[in-house]
Amino acid sequence: MSIVGEILMVLGAAIAVIAGIGLVRPDFDTVYLRMHLAGKASPVSFLVVALGAVFFLDFAVAASVVIAAVAMVVTLPTGVHLLFRAAHRAKEVEHFEVDELSSGTVDAP
Amino acid sequence: MTTIAIVGLLIAGLCGVYRLLRGPSLIDRVVALDVALISLMGAITIDAADRNDPTNLVMLVVLAIVGFTATVVAARFMETDAPVEEAA
Amino acid sequence: MSVALLVAIGGLTGVGVYLVTARSLSRIVLGFSLLGHAAVLSLLTAGGSPGAAPIADTAGDEAISNPLPQALALTAIVISFGLTLFLLALAGRQQALTGDDLVEDDLEDQRVADQTEDDADLEGRAA
Amino acid sequence: MSGILWLLYGAHIVGIAAAAVVGRSGIHKGLLTAAVAPAITAGWAAGRLIGDAEPLEAELVWVEGLDLAIRFRLDEVALMMTLLVSGIGALIFMYATGYFSARAAAGGRFPATLLAFSAAMLGLVWADSIWTLFIFWELTSITSFLLVGHKNTDAAVRDAARRALFITGVGGLTLLAGLVVLGNATGTTNLTELAMVGSPESSTSLTVAAVLIMVGAATKSAQFPFHVWLPGAMAAPTPVSAYLHSATMVKAGVFLVAVTGSAFLNVDTWKVLGLAFGIVSMIWGAVGALRHRDAKLILAWGTVSQLGLLITLLAIGSGKAVFAATSLLFAHALFKATLFCVVGEIDIRTGTRDVTRLSGLYRSMPLAFGFATLAGLSMAGLPPLLGFAAKEAAIEAVLQLSGLEAAVAATAVIGGSVLTVAYTTRFLFVTFGEKADVEPTPVEPRRPAMTTAAGILGVAGVLGFVFLPVVDGIVKPAALEFTEKAEPYHLHRWPGLTTGLMVSFAVVGAGIALGVFLARGSMPRVPRPLGADAADGSIEMILNESPRLISRVQHGSLPVYLATMSLAAIVAGIPFFSAIETDHLVLWDSPFQAAMVATIVVAAVSGAFVGSRLGAALTLGAVGFAVSGLFVLHGAPDLALTQLLVETVIVVGFVVGLGHLSRRFPPVQTTWRAVRILVSVAVASIVMLGLATAASDPVGTPPIEALSEEAVEEGGGNNVVNVILTDIRALDTLGEVVVLAVAAIGIGALRAGRRPRRPTETLGAAS
Amino acid sequence: MTGLRAIATPRGAATVVAVTLMWCGLWREISVANVLAGLAVAVAIMASGMGPAATGRLNVIALVKLFAVITIDLIKATWTVAFETITPGNNTQESVIAVALPPGHRRYGLLLTIAITITPGTAVVDISEDGSIVYLHLLYHESRDDTVAHTLRLARMAAEAWPEPDPAPDAGRRPSEVTS
Amino acid sequence: MSTLMILTILAPLSAAAISLLLRRRELVGDIVTLIGQAVAAGSSLALLFGVASDGTHVIRLGGWDPELGIVLVADLFAALTLPVALTLVFVVELFAIGQRRTRWGANPELSGPLLGVLTAGVSLAFLTGDLFTLFVAFELILVSSYVLLTHQGERGQIRSGMTYVVMNLLASTLFLFGLAYVYAATGTVNMALLAERIPELSSGVRLGIGAWFFVVFGTKAAVFPLFSWLPDSYPTAPTTITAIFAGLLTKIGIYAIIRFHTLMQMDELESAMLIVAGVTMVIGALGALAQDDMKRILSFHIISQIGYMLMGLGLFSTIGTAGAILFLIHHMPVKTVLFLVGGLVENEEGTSSLKKAGGLAARRPLIAVLFAIPAMSLAGLPPFSGFVAKLAVVSAGIDEASTWVVAAALVAGALTLLSMAKIWLNVFWGSDPDPDAIEEEPAGNRRTMVFATGLAVAGSLVISLYAGALYDLSRDAAEDLRTPGVYISEVGA
Amino acid sequence: MSIRRSPAMETGVRMATPLALAVGLYLLFAGHNNPGGGFAAGLVFGTVVVLRTVAGMQQPRYWVELISGGILIVAAVAIAPLVFGNDPLDMVVVSQELPVLGKVKSGSAFIFDIGVTAIVVGLALALLDSLWSEELEDEAADQAPLADGDDLSDNGTGELSAAVGSKASASSTANPGRRSTDADADVARATENDNDPDRTETVEVGS
Ligand code: NA
Ligand code: NA
């Protein structure tokens with residue numbers, strides 16, 4: 001049982017490392033790209049680690065980890081969205097293929 | 001195994017610190033801080049599991065709240081104020 | 001006593017002092033934040049080696065870390081927290097008044113320093 | 001019987017208050033009120049002359065541990081001085097009612113201050129302890145300062161007052177040190193005991209005391225080069241000049257030299273210094289008196305000369321010399337007060353004291369002329385006046401000397417006497433005589449109070465000669481108090497045809513000739529007040545140079561202040577170098593700790609050089625999170641938790657509070673940066689060193705076990721840290737949260753958006 | 001509707017349950033005392049007015065479905081960015097597109113934001129004032145059509161989970177809440 | 001006595017909280033604040049009598065053993081200095097109420113409560129027997145002073161406030177490092193235990209610790225070369241605030257130096273301290289002479305006078321320490337009252353600049369008297385307390401044959417006299433100020449202000465009058481301090 | 001300046017609030033036996049306050065009351081033992097076996113911790129009131145037609161600032177530089193910021 005947990009933990013750490021590499025890769029040169037990494041890889045790395053930890057801990061103790069995981073899932077994407085919004089408002093837009101927010105084009109539903 | 005995991009998280013955290021230092025934009029730094037914080041959370045979790053000691057676990061929830069707060073404030077701040085890109 | 005901790009304390013102190021002697025109040029605030037870390041770490045280091053968290057029912061057989069420096073450090077953290085925020089507010093006020101956060105030199109001191117020159121000027125004019 | 005001393009002294013104090021109050025309804029009423037206490041005291045003292053009463057003593061202990069007490073002893077010296085201080089004092093108050101016209105602005109300030117001086121002087125002469133003497137000594141300086149500055153709207157007056165205060169103040173401090181040393185050296189602070197100790201052998205500390213006390217006395221008694229304050233003090237109203245700056249206060253130094261003299265009899269320095277001060281002052285003062293045109297200044301310079309003579313005689317220290325000094329002191333008080341009173345009258349009635357503008361006063365002011373002549377003759381040492389007897393004693397005293405001392409002292413005293421006669425003659429001629437090229441000076445009506453006071457004092461000189469045994473009965477015992485060697489000497493109306501008398505005649509003859517010659521000749525140019533200028537110059541130099549000096553240390557730059565403090569800390573840490581040990585050190589507690597430390601150091605150092613404000617803030621915030629990681633590793637979860645939260649709030653506060661600033665830090669000066677780096681590295685090293693060294697050989701062990709057991713049992717909690725915070729050391733926590741509360745109040749009060757309360761302005765920084 | 005009355009609403013009740021569960025989790029024990037205390041805490045939070053603004057009903061099954069979709073999206077998304085990171089070169093073509101939501105699906109800013117932001121290669125950049133248009137950031141502009149479709153699906157699922165409430169006006173609410 | 005000790009700390013603190021709550025009702029707030037201060041001052045006075053008759057009183061807070069918990073110790077030194085300090089705060093608060101609504105007045109809604117906190121901090125600093133609690137007490141005092149200094153938010157205040165805050169923050173940081181050294185070396189922060197253990201340390205560590213704390217406390221006490229913050233910051237604060245700062249804050253630094261360095265037997269620091277003392281005296285006095293503003297002159301004199309106290313202590317003899325203690329007691333009211341007079345001058349003349357003011361003695365003789373008495377005392381002239389205090393340290397210096405520092409003391413004395421004369425000549429003598437140059441008409445409740453100042457002058461006269469008894473007590477206190485065994489056994493650690 | 005609220009932010013904060021509040025309460029209650037305590041609890045509540053204020057969901061008020069109340073609580077806990085003849089600051093531990101709930105243990109140290117919490121929350125509010133005040137004022141100005149209008153007038157520090165303001169002379173200086181947005185600090189530029197181009201643009205984005 002605990003071996004599963006350990007593997008999950010290492011997996012989580014690996015995901016975290018990938019997120020880290022993404023942050024430092026020089027050719028990942030837009031802030032949006034880095035935000036995608038932080039917004040997706042990071043929470044997942046923690047979720048995986050947390051899942052791994054649950055295998056080790058007593059059920060009741062694991063509750064804390066679960067709560068933290070839920071809290072993160074709820075909060076992190078919200079935060080990242082706000083950062084996206086801020087980035088766009090800061091006119092960080094030159095490299096976009098298409099920018100319908102700035103141009104005002106709207107697709108019909 | 002857990003040591004390897006912690007080392008991995010440490011590397012991720014250091015990458016975060018690197019981006020934190022280099023910027024160039026405030027958003028980059030905030031994102032980097034989030035990554036670093038999450039690495040810390042992971043490390044705490046692994047350590048707690050390893051020693052089966054729940055003492056530090058309460059910090060996880062607190063860290064989640066903390067990270068969120070920092071992000072929200074930074075984002076909100078940027079909206080009320082300056083452009084993001086800073087000459088590096 | 002761990003050299004690593006000493007290095008952390010030294011690094012934080014050095015950078016802290018460096019920042020504190022700057023002219024920009026933002027840097028000063030950051031410097032004090034680092035100095036605060038250094039001071040707290042010193043207290044912790046002075047208390048002895050690491051150990052289990054000083055919580056009676058979970059520590060088990062492992063020796064606990066010295067709780068007293070932790071309490072002292074907490075008090076120190078809280079105090080420097082409050083004062084750092086106050087300094088921030090001061091900087092904010094300064095910014096509202098002058099548009100920046102640079103620490104200005106004391107006007108009256110400068111006046112006193114200039115005084116001798118003024119006297120010389122007066123004498124020169126009189127002559 | 002000591003009660004009477006307190007009663008008399010109390011009368012003065014009551015009088016001060018009364019004069020201040022009564023004076024408001026008219027300055028004359030105030031002056032008369034003030035005169036009461038001195039008059040009673042003088043009368044009482046005169047009564048004590050009859051009969052051979054024991055000395056009166058009174059004591060009020062102030063600070064026992066320092067031997068500080070108001071200790072009065074009314075012995076023969078004190079009695080003589082009381083007669084002068086209170087007797088002349090009462091007359092001066094009367095005189096002042098004439099000096100100030102009835103229409104003068106009402107006010108209690110002058111009468112009260114003058115009486116305060118009188119009381120201080122009385123305390124000084126009654127003193128039987130060096131500290132009593134010192135206390136009243138300083139009070140006379142202060143009251144003198146206030147009186148000199150009476151007309152303080154005039155800048156020159158303020159300068160004069162400042163000069164007087166500074167010189168006498170410095171003298172007071174010198175005296176203070178001298179008295180402490182003297183007290184230590186002789187083991188007593190009691191003046192009577194000091195006289196009884198005899199003359200101890202010379203020693204270093206005694207020599208130091210001698211120098212300090214002599215310098216102190218010289219400042220007060222206007223000895224060269226400290227005399228410069230006295231001519232300036234003539235800016236005071238004339239009653240003040242007559243009373244303080246001729247009759248009484250300036251005698252305080254002489255008095256001090258007399259009462260402490262016996263202790264320094266074997267100290268050569270004392271004598272040499274005294275002779276130097278005395279002789280130079282005697283000659284230079286007389287020269288000054290011959291060069292001036294302001295009648296009051298002529299008298300003031302004469303006073304310097306006379307005081308020089310007194311100091312010379314006391315420095316000689318022989319029985320005869322001390323006796324002569326005592327007699328002269330008495331005589332001088334009378335004649336100099338008279339002369340001042342007369343000059344004041346001239347000033348008031350003619351509107352000037354400039355002798356070149358005075359003409360024919362001998363006719364228009366005959367009474368004044370008469371009294372002035374009496375006093376002048378006394379000053380010149382001619383019979384039938386008291387001055388004659390005293391001067392005779394002085395000349396005889398110096399003629400008794402032998403060797404080098406005789407050569408120097410006798411020449412000086414005789415030469416000084418010639419000059420004294422000369423300036424007296426000149427004074428009388430130029431002030432009262434008729435000048436061919438000057439219209440007779442118009443004169444206002446007489447003011448009886450002034451004339452009366454001058455008259456009484458002037459005639460007293462004659463009476464003193466007539467009833468010389470009475471004066472001898474006053475002076476002789478006083479001289480005996482100073483030195484027992486004065487035993488054989490008395491004042492004589494006619495000494496017989498001694499060498500001394502011959503010398504006196506020669507002196508008088510030469511002096512009159514010189515005086516008449518100078519009076520006839522063209523008026524000399526008014527000398528520039530070089531001494532006063534020099535004194536003011538030194539004061540101004542202190543005032544002007546201090547900014548230069550102080551701006552070196554107080555330049556108003558915070559970073560430099562902080563660097564200074566850091567340097568001080570570095571210096572303070574130097575002793576740690578002598579106790580370096582490494583045995584107790586380990587590289588790290590765990591590899592993770594080392595990794596975390598590396599993160600912290602790298603982030604902190606690079607964070608310091610991040611040019612972006614918010615970038616720096618976030619980076620250093622990350623340092624804080626890493627530090628909390630260290631806490632976790634150390635086994636301090638509470639600390640880690642708190643650190644996380646605190647760091648977040650600080651980062652938030654930083655972003656919100658300072659985020660609006662420009663995003664780049666302003667550029668840093670390169671040299672200053674180098675200094676900062678050096679200082680930072682040094683402080684960091686010292687802190688590490690101190691911590692490592694302090695822990696190397698601990699002398700106590702922290703009670704960890706006791707803490708955790710007691711926390712659970714007594715504190716009722718498992719989290720030992722929390723129990724410490726909320727129970728064992730709850731007081732710290734209480735203080736800590738109040739700090740937070742106050743910081744919060746301060747933060748709230750500084751609401752950045754609020755408009756300034758009023759236009760920003762720093763007091764005193766307008767220029 | 002805020003305050004104590006909100007407890008009676010599904011979302012309020014859900015909050016109470018969640019808080020109670022969390023309370024027990026924090027104390028690491030489900031005991032009578034902890035449940036009661038947790039309820040008390042939950043009620044206190046609701047009473048303080050700082051609980052969620054509780055309107056509308058709750059469709060638990062739809063919610064679970066939505067979470068399942070989100071979880072799968074999350075795994076895919078992680079794979080996408082991880083792949084981009086560990087393979088050399090940068091193959092992204094960023095763009096911002098606008099997606100207009102059908103009426104009745106505009107109330108779930110948060111849910112939608114979470115869902116979309118977690119979806120591979122997309123993130124919400126902005127939402128229009130009335131909630132009718134979502135602006136998305138795409139890492140790969142070529143996936144635009146798939147993304148629009150997926151977004152609309154997510155919006156539909158969110159609307160199912162939390163159906164539109166009766167349009168009863170709520171006097172106590174702030175204007176800002178009306179917009180969401 | 002336990003109750004008295006606690007009241008000196010908690011009465012002003014509670015009053016502060018209550019008056020903050022009732023800040024909308026000015027009168028009630030004033031009364032509550034005054035009551036709090038009065039209770040504190042009264043308790044401290046009662047405590048003095050209690051300690052003088054029954055000896056040292058120790059409270060173990062929460063009943064914890066001194067090795068674990070915090071003790072409060074009212075020894076003679078503390079009991080002697082505390083009443084002076086607390087009475088002054090009361091008087092100044094009274095003055096502040098009179099000064100309200102003038103342009104020099106502090107904001108009373110804040111200054112009352114903040115002074116309450118400051119008072120609590122002062123009491124705590126004087127009474128604590130724990131080095132870490134001393135740190136907390138310092139911070140209490142400092143934070144309230146920070147806020148008092150800057151709460152009006154004017155540009156000058158902000159500028160000087162930064163200097164003040166930042167300097168003191170660095171000093172506080174050094175304090176924490178010092179605490180770490182001490183704890184690492186001895187395993188305790190209880191002062192009695194420290195007094196037992198520190199002398200056992202190797203001399204390098206012991207002196208390092210001693211010198212380090214000298215820097216820490218020296219900054220608070222504003223000794224050379226660490227004083228620069230003081231003259232820059234004090235004069236910009238509202239008068240009453242400056243008066244309190246002047247009277248109390250630096251004195252707490254000196255108090256701490258006396259307490260720490262005698263108890264820990266740091267006698268080897270003698271020559272260092274005397275050099276610092278001598279330079280401090282002279283530089284402070286020279287600095288005063290360089291100024292053209294009454295408040296700045298007075299600020300520099302604080303520094304100079306600190307030199308005298310340091311000199312007394314630095315002699316490391318019983319009578320020297322006694323002199324320092326007496327100087328401390330004398331200096332607090334004198335300095336406070338001088339600043340209060342500065343406030344009166346501002347109120348009458350519209351300025352405290354020597355160049356603008358003038359002729360006040362003729363118009364307001366009472367104010368002149370109220371200035372003259374403390375000014376003479378400050379200059380060390382008899383028959384006032386300043387003379388006794390100066391005599392005490394000077395004769396102790398001569399006893400120890402410390403010639404140069406005595407000489408420095410005398411030079412500083414002369415310079416002090418000169419600068420007091422400078423104020424007198426320019427403010428009280430001379431011509432009335434040019435009405436055009438005055439920015440604002442006098443306002444405020446002059447009667448209350450003069451009454452409060454008079455009260456303080458009377459207090460300083462009482463100290464002059466009872467200088468004998470106070471000197472005896474100071475000597476007893478000094479003897480206790482220099483015999484640490486007494487303190488150690490009283491605390492019973 | 002128009003700052004359009006973000007619905008996601010508001011809902012996110014709304015979701016996070018109960019979570020954080022519960023965690024804060026947990027820290028407060030558990031502190032005596034587990035990591036936590038009044039200070040940490042206060043800070044967690046403080047972050048809630050920060051989040052909600054920054055998201056425009058509440059105003060920072062009543063902090064003076066919180067702070068003075070907190071001081072009174074801790075002072076009362078310190079003094080109270082004297083009334084019962086104990087040493088000051090002597091903490092009482094009450095332990096009681098209750099039906100159903102089991103053993104309940106608490107004491108005056110807990111009350112003490114509550115005082116601590118109150119002060120810390122007060123601090124967070126004061127910080128926001130001071131540093132965020134401009135944004136609040138801007139927002140209030142923007143939303144004046146819509147808002148209930150109760151926010152700024154009933155502000156916690158209103159009286160404190162009014163008290164200071166009441167002494168003010170009528171003149172006031174401009175408040176430059178608050179929004180200097182250029183890359184270099186430039187005081188001279190700061191004065192023109194009323195026409196700051198960035199602000200106009202922001203308005204356009206929002207509209
Ligand atoms: Na201070
Ligand atoms: Na003037």
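Just so it is clear: chains get the letters A, B, ... in the order the sequence lines come, proteins before strands, and each one is counted from 1. The structure presented is a predicted model; accordingly, all values stated were derived computationally and were not measured.
Contact annotation for G:Ala16: only side-chain heavy atoms (C-beta onward) come within less than 4.5 Å of a heavy atom of chain B. In this structure, the portion of B:Val58 lying under 4.5 Å from any heavy atom of chain G is its side chain and not its backbone.
Atom CD1 of B:Ile65 is separated from atom CG of G:Leu43 by 11.5 Å, given to the nearest 0.5 angstrom. Between G:Leu51 atom CG and B:Arg76 atom CZ the span is 12.0 Å, to the nearest 0.5 Å.
Ranked by non-hydrogen atom pairs under 4.5 Å with chain G, the options B:Val61, B:Thr55, B:Asn56 are led by B:Thr55.
Closest non-hydrogen pair, G:Gly12 versus B:Phe68, comes out as C-CZ, 4.1 Å.
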